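Below, all heavy atoms of this structure are taken into account, side chains as well, without hydrogens, waters or symmetry copies. Note that this is a predicted model, so its numbers are computed, not measured. Positions are given from 1, in the same order as the sequence printed here.
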Amino acid sequence: MMSDRKALFFDVDGTLVSESKNEVPESSIRALKRAMEKGHLVFVNSGRPRCELDFLEKEVPADGFLCGCGTEIVVHGESRFHRSIPVERGREIRKLILDCGMDAWLEASGSICFRKNISGTGSRIAQVKANMMRKYSELMASWEDPDCVFDKFCAVAGDDSDLGRFFAGLPDMDIMDRGDGMFECVPADCTKATAIDWVLKEYGLPLESAYVFGDSTNDVAMFAFAPNRIAMGVHAPELERFRPFITKTVEEDGVAWAMEQLGII
């Protein structure tokens, strides 16, 4: 094994994928391919569940996909680790969300679950659902199914929501504030960092070999874990405390530029 082998981990939205154009720049695809040709490992590390990464599995050269903030690890097309919320706990969580005057969508490896009837605080959820329907209609499922299984969820609060009760009722979840009343909730034993740790151990690589690329608050865990951090040109202020190398934006070929500047390719 090459002594200077690096393990590269890339967030999706705002990092690999341009949120304005909803596409991966050709420069990024070429850079990832070049990195793999040089013997480096390439992993997509996303908050999205696997079903929402299908287009990237077909388009982006990578050794694997770390999905749902570490709840599933896919290596060369094979799911090697998968953590779902137990059915009974899932029922409790859904009741808590509604009792707190909130709404949510539930993310599983193969589906996205919304309530059938959305109103009140769910107006933003309705917009998300409509957008999901346009892009992933075949993945849509209903959370009314009592045996619905999901890996993580995103909850949205309104002006009258009981956030204190919501937080208190989720001691087993890592709750990330995504702004504007939205909270991304993941089992506390799964993060983008635990997924990176799994990869490093699987390939026998030291922590120093890990390079992480991101832009948002759900990248905090991997920025706190890995020693080599690259923040996109537009990024959440929460990432600044890690003193990352700041590259250009996605649209300005920021991924490829950073990899060139850092001598990775």
Measure the shortest side-chain to side-chain distance between [X] and [Y] over non-hydrogen atoms and say whether it is less than 4.5 angstrom.
X	Y	answer
M102	C100	yes
F223	P244	yes
L16	V250	no
L41	K6	no
C148	P146	no
V24	E59	yes
F43	V212	no
C51	L139	yes

Donor-acceptor pair, distance only, cut-off 3.5 Å: does the side chain of [X] make one with the backbone of [Y]?
X	Y	answer
N45	F9	no
D219	D215	yes
D151	P49	no
T15	V12	no
R229	A226	yes
S142	E144	yes
D253	A256	no
E78	V75	no
K95	G90	no
N228	A210	yes

Problem set entry | Aromatic ring pairing F114/W105, orientation class (parallel under 30°, perpendicular over 60°, tilted between) |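 Taking W105 first and then F114, their aromatic rings lie parallel (interplane angle under 30°).
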For this session: Classify the ring geometry between F183 and F167 as parallel (under 30°), tilted (30 to 60°) or perpendicular (over 60°).
Result: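 It falls in the perpendicular class, over 60°.
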For this session: Could you point out which residue of V17, V44, N218 forms a side-chain contact (heavy atoms from CB on, under 4.5 Å) with D11?
Result: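 Checked V17, V44, N218 against D11; only one passes side-chain contact (heavy atoms from CB on, under 4.5 Å): N218.
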Problem set entry | Residue among E52, R50, R48 satisfying side-chain contact (heavy atoms from CB on, under 4.5 Å) with E107 |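 So the option named by the test is E52.
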Would you kindly confirm whether [X] and [Y] end up in one hydrophobic cluster when ILVMFWY residues are joined by side chain heavy atoms under 4.5 Å apart?
X	Y	result
Y211	I29	yes
I265	V255	yes
I97	V149	no
L96	V87	no
M232	W257	yes

Exercise. Mind checking what makes ring-ring contact (aromatic ring centres under 6.0 Å, His included) contact with F10, not counting sequence neighbours?
Worked result: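 Result, ring-ring contact (aromatic ring centres under 6.0 Å, His included) vs F10: F213.
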Problem set entry | side chain to side chain contact (heavy atoms under 4.5 Å, CB included) assessment of K152 paired with C185 | CA-CA 6 Å; K152 60 186 284 281; C185 306; over 6 Å; no
Just by distance, with hydrogens left out, do [X] and [Y] show a side-chain donor and acceptor under 3.5 Å apart?
X	Y	value
T217	R178	yes
Q261	T247	no
S18	E251	yes
H40	D4	no

Problem set entry | Lys/Arg-Asp/Glu bridge criterion (N-O < 4.0 Å) met for E202, R80 |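 Yes, E202 and R80 are salt-bridged.
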I need the [X] [atom1] to [Y] [atom2] distance, nearest 0.5 Å.
X	Y	atom1	atom2	answer
M36	K33	CE	NZ	10.5 Å
I85	I93	CD1	CD1	4.5 Å
L66	C190	CG	SG	11.5 Å
E19	T249	CD	OG1	11.5 Å

Problem set entry | Sole candidate of T194, D189, T71 that passes side chain to side chain donor-acceptor pair (under 3.5 Å) when paired with R83 |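 Only one option passes, and that is D189.
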For this session: Carefully, step by step, assess H235 and S216 under the rule side chain to side chain contact (heavy atoms under 4.5 Å, CB included).
Result: CA-CA 6 Å; H235 58 270; S216 70; over 6 Å; no
Exercise. For R89 and P171, which heavy atoms make the closest approach, and how far apart are they?
Worked result: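 Distance-wise, the nearest heavy atoms are NH2-CD, 4.3 Å.
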Problem set entry | Worked check of side chain to side chain contact (heavy atoms under 4.5 Å, CB included) between K58 and L53 | CA-CA 9 Å; K58 298 173 182 176; L53 294 171; over 6 Å; no
For this session: Before giving the answer on side chain to side chain contact (heavy atoms under 4.5 Å, CB included), spell out for L32 and V60 the whole-Å C-alpha distance, their side-chain angles and the decisive distance to 0.1 Å.
Result: CA-CA 8 Å; L32 267 58; V60 172; 3.4 Å; yes
